[in-house]
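Since the structure comes first, as structure tokens, the remarks are kept for the end.
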Amino acid sequence: MKVFIPVIDSSRSRYTIANGFSDSGSICVFDTKDNHVTWYESTGNPAGYSEMLDELKSNGVFNVIASAVSPMALKVFSDKGFTVYKSVGNDLLVNLELLRIRCLPIYGMEECMSELTPTCFSNCSSCEPAICHN
């Protein structure tokens, strides 16, 4: 199985999963069959990601590990045939091991949507303005 993971960069922080694709400076592609890792610099523009996904698919990569994914991105991945796994923390090596032993959860649309806005349990005057969207 081949999987790609957005990481902070390809040097000092290459083993740290980025908080999202927009925070990614590099992409790690890992082949679980032969334990081979390849690092790519990310383009940082959405058009570049679309082309990258097509190229990854042509090279047999159909899986993603991510710490955060927007609903739109999850839909694009799903429509293109990718399975998205939710990272457990941000340590790349731990997540690759969890994937290998099949213990990494799949990122679903319900979870993705629940991360968008916080659920308020009291009136809006008690919410922090930066996170409250009501």
Side-chain angles (χ1 to χ4, degrees):
M1 171 192 318
K2 293 181 182 179
V3 60
F4 84 91
I5 309 102
V7 293
I8 300 295
D9 60 39
S10 60
S11 57
R12 291 184 63 194
S13 298
R14 69 177 13 188
Y15 297 107
T16 304
I17 298 175
N19 288 331
F21 290 94
S22 61
D23 293 338
S24 172
S26 297
I27 301 294
C28 169
V29 176
F30 180 72
D31 187 339
T32 61
K33 193 163 125 183
D34 63 7
N35 289 327
H36 184 262
V37 177
T38 308
W39 305 94
Y40 298 96
E41 295 302 313
S42 77
T43 62
N45 88 39
Y49 276 112
S50 180
E51 292 169 5
M52 181 188 69
L53 292 179
D54 291 338
E55 183 176 337
L56 288 168
K57 278 183 65 175
S58 70
N59 288 312
V61 181
F62 293 96
N63 302 284
V64 182
I65 297 175
S67 61
V69 178
S70 71
M72 180 66 84
L74 186 59
K75 180 168 177 16
V76 169
F77 286 130
S78 296
D79 289 349
K80 288 195 174 268
F82 285 85
T83 300
V84 181
Y85 294 91
K86 172 86 170 139
S87 70
V88 176
N90 65 356
D91 185 305
L92 176 66
L93 299 176
V94 167
N95 280 277
L96 291 176
E97 178 61 17
L98 289 171
L99 179 69
R100 189 187 68 73
I101 63 173
R102 299 177 186 199
C103 290
L104 207 55
I106 291 179
Y107 218 135
M109 188 58 78
E110 186 174 310
E111 180 181 14
C112 193
M113 295 298 287
S114 71
E115 293 175 353
L116 281 180
T117 56
T119 304
C120 293
F121 294 104
S122 59
N123 67 36
C124 277
S125 63
S126 67
C127 290
E128 292 182 40
I131 63 171
C132 188
H133 300 286
N134 292 333

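These numbers were taken from a predicted model, which means no experiment stands behind them.
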Rounded distance (nearest 0.5 Å) linking atom CZ of Arg100 with atom CZ of Phe30
9.0 Å

So does Lys57 have more than 12 non-hydrogen atoms from other groups sitting under 6.0 Å from NZ?
yes

Honestly curious: do Met109 and Val64 fall in one hydrophobic cluster under the side-chain, below-4.5 Å linking rule?
yes

Counting N and O atoms only, with roles assigned by atom type, does the side chain of Asn59 sit under 3.5 Å from a partner on the main chain of Val61, one being a donor and the other an acceptor?
no

Would a 4.5 Å heavy-atom cut-off, applied to side chains only, mark Leu92 and Arg14 as touching?
no

Determine, stepwise, if the pair Ile65 / Ile17 fulfils side chain to side chain contact (heavy atoms under 4.5 Å, CB included).
CA-CA 9 Å; Ile65 297 175; Ile17 298 175; 4.2 Å; yes

Please lay out, stage by stage, how Met1 and Asp31 fare under the test side chain to side chain contact (heavy atoms under 4.5 Å, CB included).
CA-CA 6 Å; Met1 171 192 318; Asp31 187 339; over 6 Å; no

If you take all heavy atoms of Pro6 and Phe21, which pair is closest and at what distance?
CG-CE2, 3.6 Å

Report whether Val84 and Ile27 are members of the same hydrophobic cluster (ILVMFWY, side-chain heavy atoms less than 4.5 Å apart, transitive linking).
yes

Heavy atoms, side chains only, cut-off 4.5 Å: are Val3 and Leu99 in contact?
yes

Does a side-chain heavy-atom distance below 4.5 Å link Cys28 with Val37?
yes

Atom CD1 of Ile106 and atom CD of Glu111: how far apart are they, to the nearest 0.5 Å?
11.0 Å

Ser13 side chain vs Thr16 backbone, donor-acceptor pair below 3.5 Å:
no

Does Glu97, at its CD atom, have more than 12 non-hydrogen atoms belonging to other residues, nucleotides or ligands within less than 6.0 Å?
yes

Please confirm whether the backbone N or O of Lys2 pairs with a side-chain atom of Thr32, one donor and one acceptor, at under 3.5 Å?
no

For Ser87, the option from Leu98, Asn95, Leu104 that meets side chain to side chain contact (heavy atoms under 4.5 Å, CB included):
Asn95

Phe4 ring center within less than 6.0 Å of Phe62 ring center
no

Contact between Thr38 and His36 at the side-chain level, heavy atoms closer than 4.5 Å - yes or no?
yes

With side chain to side chain contact (heavy atoms under 4.5 Å, CB included) as the test, would you mind laying out the steps for Asn63 and Tyr85 before giving the verdict?
CA-CA 8 Å; Asn63 302 284; Tyr85 294 91; 3.7 Å; yes

Ser26 side-chain N/O to Ser10 backbone N/O, donor-acceptor pair under 3.5 Å:
yes

Tightest non-hydrogen contact, residues Cys112 and Val69, listed as SG-O, 2.8 Å

Within the structure provided, determine whether Tyr15 and Ile8 are in side-chain contact (heavy-atom separation under 4.5 Å).
no

Under 3.5 Å: donor-acceptor pair, side chain of Ser67, backbone of Asn19
yes

Should the pair Phe77 and Phe82 be assigned to parallel (<30°), tilted (30 to 60°) or perpendicular (>60°) ring geometry?
perpendicular

Side-chain (Ser78) to main-chain (Lys75) donor-acceptor, under 3.5 angstrom
no

